[in-house]
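One structure is given below, encoded as structure tokens.
Atoms considered below: every heavy atom in the structure, side chains included; atoms not considered: hydrogens, waters and symmetry mates. In this text, all values refer to a predicted model and were calculated from it rather than measured experimentally.
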Amino acid sequence: MPLAVFILGLCIFCLGTTEFMISGLLPLLAKSFAVSIPQAGLLISGFAIGVAAGGPPLTLLLMRVNPRRALTMLMLVFTIGQIACALSPSYLILMIARVLTGMTLGAFFGIGSVVAASIAGKARQGRAIAIMFGGLTIANIFGVPLGSFVGQQWGWRASFWIVAVCAAAGLIGLLFLLPI
């Protein structure tokens with residue numbers, strides 16, 4: 001299997017981790033921004049709105065762009081979004097960053113799965129997609145609890161910094177290993 005398929009899985013791991021890790025950070029976020037826990041929970045909805053409302057149009061827009069360029073642009077926006085989350089001075093800025101990063105998830109899944117299948121070859125297309133989507137499973141099993149643990153130990157911002165570093169590694173991998 002081409003290493004680029006595993007890099008796509010790493011990127012999906014980052015996207016999935018940030019999507020769900022926030023649930024374990026809600027009390028910390030509520031306290032930090034002086035909002036209720038249900039209000040902090042809207043940060044989960046904001047991300048989901050980004051995925052649902054922004055992902056399909058962004059995917060259609062990027063269909064005219066080289067897939068390698070599209071995926072690297074999406075990962076760059078995602079990485080910058082994670083940095084914005086980590087540096088957020090207010091609830092509103094964090095919400096905007098969450099919505100924007102959510103938009104990248106929807107488009108990355110669609111474009112990434114096509115790319116994974118095409119670089120793996122006909123005989124290994126299903127396996128390549130499974131490896132890429134396995135990043136989401138690993139995010140739920142490992143990334144989300146780790147993000148919550150890090151947040152509890154070193155503050156919620158540390159969780160976003162770790163995802164940003166992981167996303168930057170994925171971005172570098174896409175730049176150097178994605179053949180398309």
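A continuous path of Ile, Leu, Val, Met, Phe, Trp and Tyr side chains, each step under 4.5 Å between heavy atoms, connects L171 with L3, placing both in one hydrophobic cluster. I49 is not connected to F108 by any chain of hydrophobic side-chain contacts under 4.5 Å among Ile, Leu, Val, Met, Phe, Trp and Tyr, and they are in different clusters. Connection of L178 to V65 is established within a shared hydrophobic cluster, with ILVMFWY side chains joined at heavy-atom distances below 4.5 Å, either directly or through further cluster members. With hydrophobic clusters built from ILVMFWY side chains whose heavy atoms lie under 4.5 angstrom apart, I141 does not share a cluster with I22. In terms of hydrophobic clustering, with Ile, Leu, Val, Met, Phe, Trp and Tyr side chains grouped at heavy-atom distances under 4.5 Å, L60 and M73 are assigned to different clusters.
Nearest heavy atom pair, residue A116 against residue M132, reads CB-SD, 4.2 Å. Residues M75 and L174 come closest through the heavy atom pair CB-CD1, 3.9 Å. Closest approach of G135 to I12, counting heavy atoms only: C-CG2, 4.0 Å. The minimum heavy-atom distance linking G16 with L105 is given by the pair N-CD1, 4.4 Å. Of all the heavy atoms in A4 and P179, the pair that sits closest is CB-CD, 4.1 Å. The shortest non-hydrogen separation linking M1 to A128 is SD-CB, 3.8 Å.
Atom SG in C85 sits 8.0 Å away from atom CZ in F78 (nearest 0.5 Å). Remark: I131 CD1 to R124 CZ distance equals 8.5 Å, nearest 0.5 Å. M95 contributes atom CE, which lies 11.0 Å from atom OG of S88 (distance to the nearest 0.5 angstrom). Distance check: L71 CG to L76 CG gives 12.5 Å after rounding to the nearest 0.5 Å.
Judged purely by atom type and a 3.5 angstrom limit, S32 has no side-chain atom pairing as donor or acceptor with the backbone of L29. At distances below 3.5 Å, not a single donor-acceptor pair connects side-chain atoms of R98 with backbone N or O atoms of G81. Panel note: side chain S159, backbone G147; a donor-acceptor pair is recorded below 3.5 Å. Put simply, the side chain of Q82 never gets that close to the backbone of A97: no donor and acceptor are under 3.5 Å apart.
Counting heavy atoms from C-beta on, the side chains of T104 and L100 never come closer than 4.5 Å. Within the 4.5 Å cutoff, no side-chain heavy atoms of T101 are placed close to those of I80. Side-chain atoms of L177 and I172, non-hydrogen and from C-beta on, never get closer than 4.5 Å to each other. Contact annotation: the side chain of L74 approaches that of L62 to within less than 4.5 Å [non-hydrogen atoms, C-beta and beyond].
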Could you go through the side-chain contact (heavy atoms from CB on, under 4.5 Å) check for I129 and F133 one step at a time? CA-CA 6 Å; I129 292 170; F133 279 78; 3.5 Å; yes
After noting the C-alpha distance and the side-chain angles of T17 and C14, does the key distance pass the side-chain contact (heavy atoms from CB on, under 4.5 Å) rule? CA-CA 5 Å; T17 296; C14 295; 5.8 Å; no
What do the steps show when you test I44 against E19 for side-chain contact (heavy atoms from CB on, under 4.5 Å), and what is the final call? CA-CA 7 Å; I44 297 168; E19 180 178 12; over 6 Å; no
side-chain contact (heavy atoms from CB on, under 4.5 Å) between F47 and T18, worked out: CA-CA 9 Å; F47 190 94; T18 202; 3.8 Å; yes
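With a 6.0 Å radius and a threshold of 12 heavy atoms from other residues, nucleotides or ligands, R127 has its CZ atom at or below the threshold.
Through direct or indirect side-chain contacts shorter than 4.5 Å among Ile, Leu, Val, Met, Phe, Trp and Tyr, L87 is connected to I83, W161. Apart from F142 itself, the hydrophobic cluster it occupies contains L10, F13, I138, L146, F149, V150, W154, I162, where clustering links Ile, Leu, Val, Met, Phe, Trp and Tyr at side-chain heavy-atom distances under 4.5 Å.
Between F33 and Y91, the two ring planes are perpendicular [angle over 60°; tilted spans 30° to 60°].
A donor-acceptor contact closer than 3.5 angstrom links the side chains of S36 and Q39.
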